[in-house]
Number of protein chains: 2
Amino acid sequence: MAPVRTDPARTDPARADLVAPRRGYAKGRARREEILDAATTLFGEVGYRSASLREIAQRVGISHPGLLHHFGGKEQLLAAVLAHRDERDDHRFGLSGARGRGALRALVELVADNARHPGIVELYCVLSAEATSPEHPAHRYFRDRYARTVAAVARHFAEIAAEGGLRPGVDPRAAAVRVVALMDGLQVQWLLDRTCVDMAAEVRAHLDGLLVEPLG
Amino acid sequence: MAPVRTDPARTDPARADLVAPRRGYAKGRARREEILDAATTLFGEVGYRSASLREIAQRVGISHPGLLHHFGGKEQLLAAVLAHRDERDDHRFGLSGARGRGALRALVELVADNARHPGIVELYCVLSAEATSPEHPAHRYFRDRYARTVAAVARHFAEIAAEGGLRPGVDPRAAAVRVVALMDGLQVQWLLDRTCVDMAAEVRAHLDGLLVEPLG
DNA sequence: CCTACCGATCGGTAGG
DNA sequence: CCTACCGATCGGTAGG
């Protein structure tokens with residue numbers, strides 16, 4: 001595919017200061033971003049299966065064949081949405097490099113950050129439940145994602161255990177399964193009634209119950 | 001509505017011993033039950049929104065207008081499915097009369113029983129996430145259901161606390177929120193990979209971590 | 001990026 | 001309980 005040719009409006013210096021895209025592809029990339037955001041929202045609202053390309057396209061002000069020009073099909077749009085969210089998460093937490101107790105603190109921070117972005121919470125909550133079905137296009141994605149997440153948290157618990165920081169009888173891997181489950185379950189209650197639950201506080205309190213010394 | 005008139009086949013004594021329905025309404029009630037079971041399964045597989053009345057009807061071997069003869073519309077079918085499951089649950093656990101530690105043991109039993117009925121687990125897991133959307137027809141149902149469940153579990157924790165059976169620093173209500181969240185989150189991981197998680201064992205271990213003495 | 005269209009499928013109703 | 005149908009909506013494609 002050839003780069004988009006510059007048109008008069010986009011090279012007009014008076015407009016160039018007001019509108020972001022100055023060279024080829026930039027406009028297309030911005031449009032892609034708009035579509036991904038709208039898709040994230042709608043997938044979170046009604047799930048993947050019930051979301052329509054027409055509704056997403058309408059929210060960004062284009063036709064649905066226009067949307068399909070940017071993403072080959074509905075499944076590819078879903079894959080792009082998930083990849084887009086992973087990029088963001090990796091950039092913020094995955095590469096934080098924290099280990100042991102520091103990693104648990106980062107986990108609590110992640111939960112607190114999620115509470116400030118309900119759209120993301122909805123996306124994962126609704127899609128993970130929907131993807132429970134083996135035929136769902138994101139089934140493998142979530143299966144692998146949980147395996148990786150649980151393994152990572154288990155490693156942090158094991159590290160804390162090695163330093164004697166874990167209460168007696170706490171198994172690192174089982175504790176990891178439970179922490180991840182707790183985070184997911186809290187999201188359901190929180191989305192149903194946000195005044196009822198403080199997700200980050202609950203996760204922190206749960207973790208403190210597993211540690212010899214509270215996270216602080 | 002008038003009761004169904006008995007027809008020759010149903011009053012034939014030779015058949016009456018083989019086929020269940022002997023008097024009016026019985027056949028209709030059996031059909032309703034069939035429909036509710038098929039709807040439970042499909043709602044669990046793809047959620048309420050993506051489930052079609054035609055698919056449910058086909059699984060029972062009738063037409064979809066035939067299904068609508070038993071249930072006025074799709075929303076009423078959903079309400080009937082939820083009420084049907086509540087009846088079952090109340091009959092088995094709600095009225096068990098257990099309190100305090102006994103109630104927690106009954107909770108672990110409930111989780112173990114759920115692991116033997118994946119269809120029910122799927123139903124609640126998928127529908128509760130879907131019903132997170134305020135416009136969902138089951139939104140209020142799940143909102144109220146969680147409020148009731150959390151309150152009931154909190155009461156049991158409070159009772160245990162009054163007898164000094166709760167570890168120091170454990171708040172009955174917060175502990176209840178977390179136990180319910182844990183159960184929900186475990187279901188997602190279990191449905192994604194049933195070999196990875198023992199739901200009942202995890203709930204029991206979690207509870208033991210809150211109690212002065214293990215449930216035993 | 002658009003309009004126009006494809007075949008398939010949806011919940012619900014008419015009428016028996 | 002059925003067939004036949006309604007208007008609406010779906011993902012995707014043709015062709016520009």
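Not measured: the values here are computed from a predicted model. Proteins get letters first, then strands, A, B, ... in listed order; numbering begins at 1 in each.
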Handout entry: Contact state string [nucleotides 5-16 of chain C, B base, S sugar-phosphate only, - no protein heavy atom under 4.0 Å]
Key = B----BBBB---
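- Between B:Val177 and A:Leu186 there is a side-chain heavy-atom pair separated by less than 4.5 Å.
- Across all strands shown, D:dG16 pairs with C:dC1; the Watson-Crick or G-U wobble distances both stay below 3.5 Å.
- A salt bridge is absent between A:Glu33 and A:Arg29; no separation between the charged side-chain nitrogens and carboxylate oxygens falls under 4.0 Å.
- Side-chain contact check for B:Leu210 versus B:His206: some heavy-atom pair is nearer than 4.5 Å.
- Computed from coordinates, the A:Leu67 CG to C:dC2 C1' distance equals 14 Å when rounded to whole Å.
- Remark: B:Arg49 is not positioned above the aromatic ring of B:Phe43, lacking an NZ or CZ atom under 6.0 angstrom from the ring centre and at most 45 degrees off the axis.
- Between the side chain of A:His136 and the backbone N or O of A:Thr132 there is no donor-acceptor pair closer than 3.5 Å.
- With rounding to whole Å, A:Arg31 atom CZ is found 8 Å from C:dC2 atom P.
- Residues in residues 72-83 of chain B take part in no salt bridge (Lys or Arg N to Asp or Glu O under 4.0 Å) pair, two or more places apart or across chains.
- For A:Ser63 and C:dC2, the shortest distance from a side-chain N or O to OP1 or OP2 is below 4.0 Å.
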